[in-house]
Q: 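This is the structure, below, for whatever I ask next.
Worth knowing before you read on, the calculation uses all heavy atoms, side chains too, and leaves out hydrogens, waters and symmetry mates.
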Protein chains: 2
Amino acid sequence: MKLNTKTRYGIRAMIELAMDWGGKGMFQKEISERQEISYKYLDHIISALKTKGLISNVDGKKSGYRLAKKPEEISVYDIYKAFEPALQIVDCIGEHGECVRAKNCAASDLWCGLNNKIIEHLDSINLSELAKKQQALNQRDEKADMYYI
Amino acid sequence: MKLNTKTRYGIRAMIELAMDWGGKGMFQKEISERQEISYKYLDHIISALKTKGLISNVDGKKSGYRLAKKPEEISVYDIYKAFEPALQIVDCIGEHGECVRAKNCAASDLWCGLNNKIIEHLDSINLSELAKKQQALNQRDEKADMYYI
DNA sequence: TTTTACCCTATAAAACAAATAGGAAAGGTG
DNA sequence: CACCTTTCCTATTTGTTTTATAGGGTAAAA
């Protein structure tokens, strides 16, 4: 099981925007530079986040991107769902489950249980926490740098 | 995030063997037919499970496969690890993490936390539980069939 | 000695991930 | 207005991984 790059980059971009919350807005270029994500690749990521209504540049094209909601109101799972319809670690779960045995399958139950557990966890963490954590890490970093002078 | 087929098939094969625990042993062909897994593909799965010491056919080649340990002593994560060295949903976790930012990255922390949660969950479930559940499901199924006569 | 079951390596086909490329549209600025 | 920047959109490429299948060798039971 691997997390895809879009979701990972998407989270990092969103943390960056969350740290800018209440600020001046951020251009794609700025996010790309700060997070070292290919500018062109970020195109797709921003597009997905925008389509899902998680970010917006409502004050005009050159106003920069902002979170569309409060950081507290955006969970990690919200961001995950910008890149995949839903978390579904196996296909037998959910509507389009092709497996006929799923109704009487202990394995299916197992994966379904894990799936729920992961969703629950991703839903319990919001951008506010992550931004605060990142800010703390950044400060710690700056302090560490000072001692090296 | 998707679970791969080998792990899924591997679990199903192991549940089948767990239900046979204390029994006569099962041939690859038998497992393949019961679980509707391609006989040839099952080759690789059985090979991996055997290499990891989870199953054995110690009483001779034609004795059939058995669990190498008690069902209670084999966790889902043990089986998972037969097909991947370890669960690692992102690469920045662990020894070969290539990401320089990982030490000061809230995102990395996030995925690391999720990773641990998943491992904990997979480690908390053992084959004994799964086999019992599957047996219950099978019986329920047989009963249901009766009513349809 | 024939059959059965396991064991091993190579290869193919398909799907997916990750990124790049090219350019259209639109807004702000000198 | 002309021009630069930024967003927006679609297509294409490249590489990797997944999901098998194929083919044959080995060993032991019947």
Side-chain angles (χ1 to χ4, degrees), chain A residues 1-13 17 24-66 68 80 82-85 88-92 96 98-99, chain B residues 1-13 17 24-53 55-66 68 80 82-85 88-92 98-99:
Chain A
M1 282 204 298
K2 287 279 177 206
L3 209 66
N4 65 22
T5 321
K6 280 191 184 172
T7 305
R8 287 191 289 112
Y9 290 1
I11 286 283
R12 278 163 53 193
L17 290 175
K24 57 175 178 45
M26 287 185 85
F27 293 133
Q28 179 173 329
K29 202 183 168 202
E30 225 172 328
I31 300 170
S32 135
E33 279 166 1
R34 288 210 198 201
Q35 285 290 333
E36 294 169 279
I37 300 167
S38 146
Y39 179 78
K40 271 298 194 179
Y41 197 41
L42 198 54
D43 255 30
H44 303 286
I45 291 150
I46 285 179
S47 163
L49 292 168
K50 218 181 155 188
T51 302
K52 283 285 170 181
L54 296 177
I55 64 176
S56 67
N57 49 357
V58 75
D59 296 339
K61 258 198 170 174
K62 299 213 174 172
S63 65
Y65 291 107
R66 291 158 208 267
Y80 187 96
F83 304 103
E84 281 179 49
Q88 203 176 330
I89 61 169
V90 290
D91 287 329
C92 56
H96 302 284
E98 303 126 44
C99 188
Chain B
M1 281 207 297
K2 287 279 177 203
L3 210 67
N4 64 24
T5 323
K6 279 190 183 172
T7 305
R8 287 192 288 114
Y9 290 1
I11 287 283
R12 278 163 52 193
L17 289 175
K24 58 177 179 45
M26 286 184 86
F27 294 133
Q28 179 173 329
K29 202 183 168 201
E30 224 171 329
I31 300 170
S32 136
E33 279 165 1
R34 287 213 197 197
Q35 285 290 333
E36 294 167 281
I37 301 168
S38 144
Y39 179 79
K40 272 296 193 180
Y41 197 40
L42 199 54
D43 254 29
H44 303 285
I45 290 150
I46 284 179
S47 163
L49 292 168
K50 219 181 155 188
T51 303
K52 284 285 170 180
I55 64 176
S56 67
N57 49 356
V58 76
D59 296 338
K61 261 198 167 174
K62 300 214 175 173
S63 64
Y65 291 108
R66 291 159 209 266
Y80 186 96
F83 303 103
E84 281 180 48
Q88 203 175 332
I89 60 168
V90 289
D91 288 329
C92 56
E98 302 126 44
C99 187

Q: Using atom CD1 of B/I46 as one end and atom C1' of C/dA5 as the other, report the distance to the nearest whole Å.
A: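 Nearest whole value for this atom pair: 10 Å.
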Q: Assign B/D43 to base, sugar-phosphate, or nothing according to its heavy-atom contacts below 4.0 angstrom with the strands shown.
A: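 B/D43: base contact, heavy atoms under 4.0 Å.
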Q: Give the C-alpha distance, both sets of side-chain angles, the deciding distance and a yes or no for side chain to side chain contact (heavy atoms under 4.5 Å, CB included) between A/I55 and A/R66.
A: CA-CA 6 Å; A/I55 64 176; A/R66 291 158 208 267; over 6 Å; no
Q: What's the CG-P distance between A/N57 and C/dA25, to the nearest Å?
A: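 That distance rounds to 18 Å.
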Q: Between D/dT7 atom C1' and A/R66 atom CZ, what is the distance in whole Å?
A: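 So the two atoms are 16 Å apart, to the nearest Å.
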Q: Can you list the residues that meet the ring-ring contact (aromatic ring centres under 6.0 Å, His included) rule with A/Y41, with sequence neighbours excluded?
A: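 Residues passing ring-ring contact (aromatic ring centres under 6.0 Å, His included) with A/Y41: A/Y9.
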Q: So A/F83, base contact, sugar-phosphate only, or nothing? Heavy-atom distance under 4.0 Å.
A: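 Nothing: the residue A/F83, judged by heavy atoms under 4.0 Å, touches no strand.
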Q: Please tell me if the side chains of B/E33 and B/Q28 come closer than 4.5 Å, counting only heavy atoms from C-beta onward.
A: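 The answer is no; the side chains never approach within 4.5 Å.
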Q: Take atom CZ of B/F27 and atom P of C/dT3, then tell me their distance rounded to the nearest Å.
A: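 Taking CZ of B/F27 and P of C/dT3, I get 17 Å after rounding.
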Q: Might you work through the side-chain hydrogen bond (donor to acceptor under 3.5 Å, both in side chains) test for B/N57 and B/K62, ending with a clear yes or no?
A: CA-CA 8 Å; B/N57 49 356; B/K62 300 214 175 173; over 6 Å; no
Q: Near DNA chain C, counting only heavy atoms under 4.0 Å, which residues of residues 28-41 of chain A show up?
A: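 Residues of residues 28-41 of chain A under 4.0 Å from DNA chain C: A/S38, A/K40, A/Y41.
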Q: With salt bridge (Lys or Arg N to Asp or Glu O under 4.0 Å) as the criterion, how do B/E36 and B/R12 come out once you've worked through the C-alpha distance, each side chain's angles and the decisive distance to 0.1 Å?
A: CA-CA 10 Å; B/E36 294 167 281; B/R12 278 163 52 193; 5.7 Å; no
Q: Nearest whole angstrom, please: distance from the P of D/dT6 to the CE of A/M26.
A: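 My rounded result for the distance is 13 Å.
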Q: Check this for me: does the side-chain of B/H44 come within 3.5 Å of the base of D/dT18 through a donor and an acceptor?
A: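 Between D/dT18 and B/H44, which were checked side chain against base, a qualifying N/O pair under 3.5 Å is absent.
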Q: Using whole Å, report how far CG of B/L42 lies from P of C/dC8.
A: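 Distance, rounded to whole Å: 15 Å.
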Q: Just how far, in rounded Å, is P of D/dT6 from NZ of A/K24?
A: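 My rounded result for the distance is 12 Å.
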Q: When you check the phosphate oxygens OP1 and OP2 of C/dC7, does a side-chain N or O of B/S47 lie under 4.0 Å from one of them?
A: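 B/S47 to C/dC7 OP1/OP2: no side-chain N or O under 4.0 Å.
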Q: Can you check side chain to side chain contact (heavy atoms under 4.5 Å, CB included) on A/H44 and A/K6, steps first, answer last?
A: CA-CA 8 Å; A/H44 303 286; A/K6 280 191 184 172; 4.2 Å; yes
Q: What is the distance, rounded to the nearest whole Å, between atom CG of A/N4 and atom P of C/dC16?
A: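 Taking CG of A/N4 and P of C/dC16, I get 13 Å after rounding.
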Q: If you count every heavy atom of other residues, nucleotides or ligands that lies below 6.0 Å from B/K29 atom NZ, does the total exceed 12?
A: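 Atom NZ in B/K29 is not packed in, count stays at 12 or less.
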